[in-house]
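Below is one structure, written out as structure tokens; comments come after it.
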Amino acid sequence: MPDFKTSPGTRDILAPHSARWRAFQEVFAKTVESAGYNYIIPPMFEDLDVFLRLGEATEVVTKEMYDFHDKGGRHVALRPEQTASVCRAFVEHRPVTPWKVWYSGPNFRYEKPQQGRYRQFDQVGIEALGVDDAFLDAEVIALASMFYSALGLNHVELSINTLGDGGDREAYSNLLAKYFSKHESSLTAESKATLTRNPLRVLDSKREPDQEIIAGAPAIRESISKQSADHFAAVLSALDALNISYKINDRLVRGLDYYRRTTFEFVSTALDAAHTAIGGGGRYDGLVEALGGPATSGIGFALGLDRTLLACDAEGVFAAPQTDVDVFVVDTVDGTHAHDLCHQLRANGFSADRAYDLRSIKAQMKSADRSGARVALIIGSDEVANSTIMLRPMGSGEQYVVSRKDIFNELKKVLK
RNA sequence: GUGGGCGUAGCUCAGUUGGUUAGAGCGCCAGGUUGUGGUCCUGGAGGCCGGGGGUUCGAGACCCCUCGUCCACCCCA
């Protein structure tokens, strides 16, 4: 057994999976950059206070933060998500609005790991600040939907809800608190605990005994302002205009405290594990203000890399891309010919690998096979004497002699 | 944080009611084939049986603790 392993909830992403991750990020970048979103790279840690603004009923902040004191005595925390950082960056740099950015990178939450849930986990996402227009809500959702399609996913469902503005949300929360308190004796112990922290989140309970009471709970739409209701209706009709199907779920309450008005979630119906939510987002109109900036509306989403890739596995789509080299050079003379030729191949736009330690031709051919290269170039004493190279297309069982000076042209033909 | 399953070779896993030097398949290395991989044959390397303590003449197996991992809850991506 090795002396060291990765820390709990972390892991090494090795090939070929690592290539898939990179491809995932590239597909995402292409999708959102087509809509004018610019790449932002916020730091991975911030002053703890930045994240505390996410709200004291947000467990991500209260229970799961990776925080520590640095050598300068600052109390900092690894980011549990990136929306807060983006809003902090907005306040710090005051860019012209609308400010549309996208990000990709790891977040950290101190949780008990299980499938689809890690302590270091990657998300990609977008944030758009400074615009209140319902068309923006629909654009943001449409981009997520486009991205899923680009990956090849077909079994992703969109749930959508509105939580009303800040005042509506609070009024609704109080209403729910009253309702659930009345039925407290029938609730599970877990839900009772949730009730004292954040009544909205009781709606999220998956426990069977709670379901009946949740079903009878008042819906947000009964206590929502006209303005919020109009906004929501506008978002829905903008989605309809793009033929994006959705399910209105008036029990959809998301875990982060800052959500206002439009909230949405993407669920993979191809997954049957506990974690079928592969992405989610919504409006967070008060967050910039909470971070000391001007009142600024904002909306965005975050998609989990792992869970989305699990969904891809379940649907059998988006395989890892090929990263094999074009050519494998076998040198049975002394290794210098492979050394020179590989270098020249790479300089001329071919990818090339070789064997080391002057092993037997058999061993080198085995390495060539394993490398996945489409062509083996073999150099032995005959080839050196005649300034030629033996070119062997792997898998063909055939090979032929090529003059050393013609090798690049010949490879271009063979590899095209 | 709570509950349960599982930790044996690089990987996937056998290992009988506790009984000598712990096995298989795959992978890896070498040879069969002094210039040839992907098939085949032969051989080889590689294990503090997750760690610590205990029971026993004797523990990979049983007990306790601990760490890791998986699953569910919680929470969320």
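Quick note on labels: first sequence line is chain A, next is B, and so on, each numbered from 1.
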Does NZ or CZ of R11(A) lie under 6.0 Å from the centre of the six-membered ring of Y118(A), at an angle within 45° of the ring axis? yes
For A24(B), which nucleotide is its Watson-Crick or G-U wobble mate, given both distances must be under 3.5 Å? U12(B)
If you look at every strand shown and take non-hydrogen atoms under 4.0 Å, does R11(A) touch a base, only sugar-phosphate, or nothing? nothing
Side chain of M365(A), heavy atoms from C-beta onward: which of G68(B), U36(B), A77(B) has the nearest atom to it? U36(B)
If I take atom NZ in residue K112(A) and atom C1' in nucleotide C67(B), what distance separates them, rounded to the nearest angstrom? 12 Å
Round to the nearest Å and state the distance from L391(A) atom CG to U36(B) atom P. 18 Å
Over all strands shown, is D382(A) touching base, sugar-phosphate only, or nothing at heavy-atom distances under 4.0 angstrom? base
Does the structure show a Watson-Crick or G-U wobble partner for G7(B), both distances under 3.5 Å? Name it, or say none. C67(B)
I want to check one thing: is the phosphate of U36(B), taken as OP1 and OP2, less than 4.0 Å away from some side-chain N or O of Q364(A)? no
Under-3.5 Å donor-acceptor pair between R117(A) side chain and C75(B) base: yes
Send over the distance from E111(A) CD to C75(B) P, rounded to a whole Å. 11 Å
To the nearest Å, how far apart are K63(A) NZ and C75(B) P? 7 Å
Think R79(A) has a side-chain N or O under 4.0 angstrom from the OP1 or OP2 of A77(B)? no
In whole Å, what is the span from the CD atom of E81(A) to the C1' atom of A77(B)? 11 Å
What nucleic acid atoms does R392(A) come within less than 4.0 Å of, heavy atoms only: base, sugar-phosphate, or nothing? base
Do the two ring centres, one from Y148(A) and one from F266(A), sit under 6.0 Å apart? yes
In whole Å, what is the span from the NZ atom of K366(A) to the P atom of A30(B)? 8 Å
Please report the distance, rounded to the nearest Å, between CD1 in I278(A) and P in A77(B). 12 Å
Looking at C71(B), I'd like to know if its phosphate oxygens (OP1 or OP2) sit under 4.0 Å from a side-chain N or O belonging to Q115(A). yes
Whether the side chain of Q399(A) and the base of U36(B) hold a donor-acceptor pair under 3.5 Å is what I'd like checked. yes
With a 4.0 Å cut-off on heavy atoms, is E265(A) in touch with a base, just the backbone sugar-phosphate, or nothing at all? nothing
Decide whether a cation-pi geometry holds between R119(A) and Y110(A); the criteria are a distance under 6.0 Å from NZ or CZ to the six-membered ring centre and an angle within 45° of the ring axis. yes
Please name the nucleotide paired to C62(B) by Watson-Crick or G-U wobble geometry with both distances under 3.5 Å, or report none. G54(B)
By the 4.0 Å heavy-atom rule, please label I378(A) as base, sugar-phosphate, or nothing. base
Just name whichever nucleotide pairs with A72(B), Watson-Crick or G-U, keeping both distances under 3.5 Å, else none. U2(B)
Which part of the nucleic acid does K362(A) contact within heavy-atom distance under 4.0 Å: base, sugar-phosphate only, or nothing? base
Surrounding CZ of F45(A) (heavy atoms of other residues, nucleotides or ligands, distance under 6.0 Å), is the total greater than 12? no
So that I know where these two stand, are F28(A) and F147(A) an aromatic pair - ring centroids less than 6.0 Å apart? yes
Name the closest nucleotide to the R359(A) side chain, picking from C73(B), U69(B), C29(B). C29(B)
Let me know which of V329(A), V325(A), V414(A) forms a side chain to side chain contact (heavy atoms under 4.5 Å, CB included) with V375(A). V414(A)
Roughly how many Å is it from CG in L158(A) to C1' in A77(B), rounded to a whole number? 16 Å
Using a heavy-atom cut-off of 4.0 Å across all strands, would you classify G125(A) as base, sugar-phosphate, or nothing? nothing
